[in-house]
K.L.:
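Handing you a structure now.
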Amino acid sequence: MKYIPIIKMKHREISKASYIKTFLSNENILPFLELRYDFNKKDKNKNINDFINYTNITKFFLGIPHKPEIVGKGAKLDSNDFLTLANKNTESYYEKTIGLFANELCIPVFYVYSDDDVNKAPDFIKFGHDKNRKIGILTTPNLSKKLKTCGLNKEDFIFLDLNSESIKSQTPNLKELFSNFECKIILLRENRTRNTYNSSIELDKNAPLFNDLSTEITNDSPLFVKNNIYGFGDYCGFKNDVSIGDIPIDSSEFYPAVALYQRSTANPYFLGIKSIKKKEDNGFDNLREFVLKRINIIDPENKTNILDFLTKEKTRDYAAWNVITQWYYIAVMSIHDSWKD
């Protein structure tokens with residue numbers, strides 16, 4: 001059983017990648033990188049090669065975000081933004097995704113979230129097979145039914161985006177998927193509650209944990225899924241928006257907060273840690289102090305490398321803490337890898 005953390009290739013995720021080098025070397029962890037910058041971008045820490053160099057990974061999935069609710073919101077189609085240009089239409093998305101084959105280490109992934117994508121998927125698969133490359137298709141349970149004649153073989157991968165659905169609720173779709181495909185099947189879950197704000201994080205209290213897919217993958221699951229799927233993946237962190245209400249408010253009202261994944265007990269949860277000082281009153285420094293105290297309790301041997309991150313890196317903005325939640329999640333999944341067998 002493989003665990004596939006989905007990591008967005010943003011500037012901060014790339015620049016701080018060395019702190020998860022140990023965990024990405026776990027033979028049971030195969031990262032899925034979501035490209036945010038063009039291959040040709042030479043800016044430091046805005047090129048996927050920097051991430052590869054920091055982590056020494058030699059195999060990974062690589063895709064360009066194409067899920068409608070994730071990309072394109074408010075984007076200007078005439079901008080030079082890589083994701084905007086890639087998602088202008090199905091043809092432009094196809095062309096950008098074909099460009100992923102330039103990286104010899106990756107397994108390129110084509111996202112299928114519309115009928116137009118379904119129609120283009122066979123071209124992508126044929127292109128990959130002609131190049132003797134493994135490929136992946138990421139799609140939804142319903143659209144997967146339309147892909148059974150698209151040409152996937154046993155060396156390929158199909159990612160099934162369960163969104164917020166449970167494995168149990170998707171049993172009929174999984175049965176059909178298992179009968180229609182001989183390729184390797186990977187289940188995906190958005191495990192982070194959307195619109196989760198700092199107001200929902202309290203000091204030393206559990207923060208919301210939304211559908212931890214790993215707890216559903218057992219021999220008691222429908223179809224004994226451990227024996228039928230190659231692995232599972234998620235976005236490896238706590239989705240914490242930088243605001244307190246439904247509408248972003250003045251930063252003076254922002255109390256920095258973070259939620260760290262805990263898996264040492266039978267019921268995984270996120271430990272909430274929140275500054276008692278506002279952002280403008282050195283709230284990020286206060287948050288760092290609180291986290292350092294708790295790391296000495298929950299990770300006294302620094303197995304997660306977060307202590308190194310906290311002592312060596314600047315943590316005075318939200319982006320750094322967002323990376324900490326992701327890296328801590330991946331580390332804990334690696335250390336408590338009850339899902340691997």
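Numbers here are sequence positions counted from 1.
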K.L.:
Distance alone, cut at 3.5 Å: any donor-acceptor contact between the side chains of Y328 and N305?
P.N.:
no
K.L.:
Just by distance, do the side chain of D43 and the backbone of K46 share a donor-acceptor pair under 3.5 Å?
P.N.:
no
K.L.:
With the side chain counted from C-beta on, respond yes when Y329 and L260 share a heavy-atom pair under 4.5 Å apart, and no when they do not.
P.N.:
no
K.L.:
Would you check if N322 and E13 make a side-chain contact, meaning some heavy-atom pair closer than 4.5 Å?
P.N.:
yes
K.L.:
I need the minimum non-hydrogen distance between G136 and I107, along with the two atoms involved.
P.N.:
N-CG2, 4.2 Å
K.L.:
For R133, what residues pass the side chain to side chain donor-acceptor pair (under 3.5 Å) criterion, not counting sequence neighbours?
P.N.:
none
K.L.:
Are side-chain N/O atoms of N173 and E176 paired as donor and acceptor at under 3.5 Å?
P.N.:
no
K.L.:
Does a salt bridge link R189 with E216, judged by any charged N lying under 4.0 Å from a carboxylate O?
P.N.:
yes
K.L.:
Does a donor on one side chain and an acceptor on the other come within less than 3.5 Å for D299 and T304?
P.N.:
yes
K.L.:
How about I167 and L213: do any of their side-chain heavy atoms sit closer than 4.5 Å?
P.N.:
yes
K.L.:
Which distance, rounded to the nearest 0.5 Å, do you find between the CD1 of I297 and the CG of L292?
P.N.:
11.5 Å
K.L.:
Report the C-alpha separation of N103 and I52 in whole Å, then their side-chain angles, then the decisive distance to 0.1 Å, and conclude whether the side-chain contact (heavy atoms from CB on, under 4.5 Å) test is met.
P.N.:
CA-CA 11 Å; N103 187 299; I52 294 170; 3.8 Å; yes
K.L.:
Taking N180 for the side chain and T149 for the main chain, is one N or O donor matched with an acceptor at less than 3.5 Å?
P.N.:
no
K.L.:
Decide yes or no for L160 and L177: does some side-chain heavy atom of the first lie under 4.5 Å from some side-chain heavy atom of the second?
P.N.:
yes
K.L.:
Taking the side chain from T315 and the backbone from L310, do they hold a donor-acceptor pair closer than 3.5 Å?
P.N.:
no
K.L.:
If you look at every heavy atom in L147 and F181, which pair is closest and at what distance?
P.N.:
O-CE2, 3.4 Å
K.L.:
My understanding is that only residues two or more places apart in sequence, or in another chain, count here; which of them pass ring-ring contact (aromatic ring centres under 6.0 Å, His included) with F127?
P.N.:
F101
K.L.:
Do you know the tightest heavy-atom contact between K274 and Y255?
P.N.:
CE-CB, 3.8 Å
K.L.:
Listed by chain and number, what are the side chain to side chain donor-acceptor pair (under 3.5 Å) partners of E313, not counting sequence neighbours?
P.N.:
K16, Y19
K.L.:
Indicate yes or no: at least one non-hydrogen side-chain atom of F82 is less than 4.5 angstrom from one of L35.
P.N.:
yes
K.L.:
Quick one: NZ on K10 to OG on S15, what's the gap to the nearest 0.5 Å?
P.N.:
12.5 Å
K.L.:
Taking side chain as C-beta onward, heavy atoms only, is I217 less than 4.5 Å from I229?
P.N.:
yes
K.L.:
What is the minimum heavy-atom distance between D317 and A320, and which atoms define it?
P.N.:
OD1-N, 3.0 Å
K.L.:
My understanding is that only residues two or more places apart in sequence, or in another chain, count here; which of them pass side chain to side chain contact (heavy atoms under 4.5 Å, CB included) with E91?
P.N.:
N89, Y94, E95, K120
K.L.:
Answer yes or no: is there a donor N or O on one side and an acceptor on the other, between the side chain of N87 and the main chain of L83, under 3.5 Å?
P.N.:
yes
K.L.:
If only atom types and distance count, is the side chain of S179 paired as donor or acceptor with the main-chain N or O of K175 below 3.5 Å?
P.N.:
yes
K.L.:
Given 3.5 Å as the limit, does a donor-acceptor pair link the side chain of D117 with the main chain of V112, or not?
P.N.:
no
K.L.:
Main chain of N282, side chain of N286: is a donor-acceptor contact present, judged purely on distance under 3.5 Å?
P.N.:
no
K.L.:
How many angstroms lie between OG in S144 and CD1 in I185, if you round to the nearest 0.5 Å?
P.N.:
9.0 Å
K.L.:
Test of understanding: with side chain to side chain donor-acceptor pair (under 3.5 Å), list the residues that count as partners of N49, not counting sequence neighbours.
P.N.:
N47
K.L.:
Side chain of S334, backbone of I330: donor and acceptor closer than 3.5 Å?
P.N.:
no
K.L.:
Under the side chain to side chain donor-acceptor pair (under 3.5 Å) rule, collect the residues that match up with N28, sequence neighbours excluded.
P.N.:
none
K.L.:
In terms of side-chain heavy atoms, does N45 have a donor or acceptor partner in Y37 at a distance below 3.5 Å?
P.N.:
no
K.L.:
Do F238 and Q326 come close enough that some side-chain heavy atom pair is under 4.5 Å?
P.N.:
no
K.L.:
For K67, is there an ion pair with D161 - N to carboxylate O distance below 4.0 angstrom?
P.N.:
yes
K.L.:
Which residues satisfy the salt bridge (charged side-chain N to carboxylate O under 4.0 Å, His left out) test with D38, sequence neighbours excluded?
P.N.:
K96
K.L.:
Parallel under 30°, tilted from 30 to 60°, perpendicular over 60°: which one fits the rings of Y93 and H66?
P.N.:
parallel
K.L.:
Do H129 and D156 have a side chain donor and acceptor closer than 3.5 Å?
P.N.:
yes
K.L.:
Can you check whether I57 reaches L105 side chain to side chain, under 4.5 Å on heavy atoms?
P.N.:
no
K.L.:
So does K205 have more than 12 non-hydrogen atoms from other groups sitting under 6.0 Å from NZ?
P.N.:
no
K.L.:
Is any side-chain N of the basic residue among R316 and D285 closer than 4.0 Å to the acidic one's carboxylate O?
P.N.:
yes
K.L.:
Closest heavy-atom contact between S169 and S166?
P.N.:
OG-O, 2.9 Å
K.L.:
Once ring-ring contact (aromatic ring centres under 6.0 Å, His included) is applied, do any residues pair with F39, and if so which ones, sequence neighbours excluded?
P.N.:
none
K.L.:
Which residues pass the salt bridge (charged side-chain N to carboxylate O under 4.0 Å, His left out) test with E34, sequence neighbours left out?
P.N.:
R36
K.L.:
When you measure from the side chain of W327 to the backbone N and O of I306, does any donor-acceptor pair fall under 3.5 Å?
P.N.:
no
K.L.:
To the nearest 0.5 Å, what is the distance between CG on D50 and OG on S18?
P.N.:
11.5 Å
K.L.:
Determine whether the side chains of S275 and R288 contain a donor N or O and an acceptor N or O closer than 3.5 Å.
P.N.:
no
K.L.:
When you measure from the side chain of R263 to the backbone N and O of P268, does any donor-acceptor pair fall under 3.5 Å?
P.N.:
no
K.L.:
Mind jotting down which residue pairs meet the ring-ring contact (aromatic ring centres under 6.0 Å, His included) criterion with at least one end in residues 135-170? Sequence neighbours excluded, please.
P.N.:
F32-F159, F61-F157, F61-F159, F157-Y230
K.L.:
Atom CD1 in I20, atom OG1 in T22: separation rounded to 0.5 Å?
P.N.:
10.0 Å
K.L.:
To check you understand the geometry: which heavy-atom pair defines the closest contact between P108 and K134, and what is its length?
P.N.:
CD-O, 3.6 Å
K.L.:
At what distance, to the nearest 0.5 angstrom, does OG1 of T140 lie from NZ of K145?
P.N.:
9.0 Å
K.L.:
side-chain contact (heavy atoms from CB on, under 4.5 Å) for M333 and S214? Distances and angles first, verdict last.
P.N.:
CA-CA 9 Å; M333 285 293 284; S214 66; 4.1 Å; yes
K.L.:
Could you point out which residue of I137, L143, T139 forms a side-chain contact (heavy atoms from CB on, under 4.5 Å) with V118?
P.N.:
L143
K.L.:
Taking atom NZ of K184 as the centre, does the number of heavy atoms from other residues, nucleotides or ligands within less than 6.0 Å exceed 12?
P.N.:
yes
K.L.:
With K148, which residues qualify under salt bridge (charged side-chain N to carboxylate O under 4.0 Å, His left out), at least two apart?
P.N.:
none
K.L.:
Considering residues at least two apart in sequence or located in another chain, which fulfil the salt bridge (charged side-chain N to carboxylate O under 4.0 Å, His left out) criterion with D116?
P.N.:
none
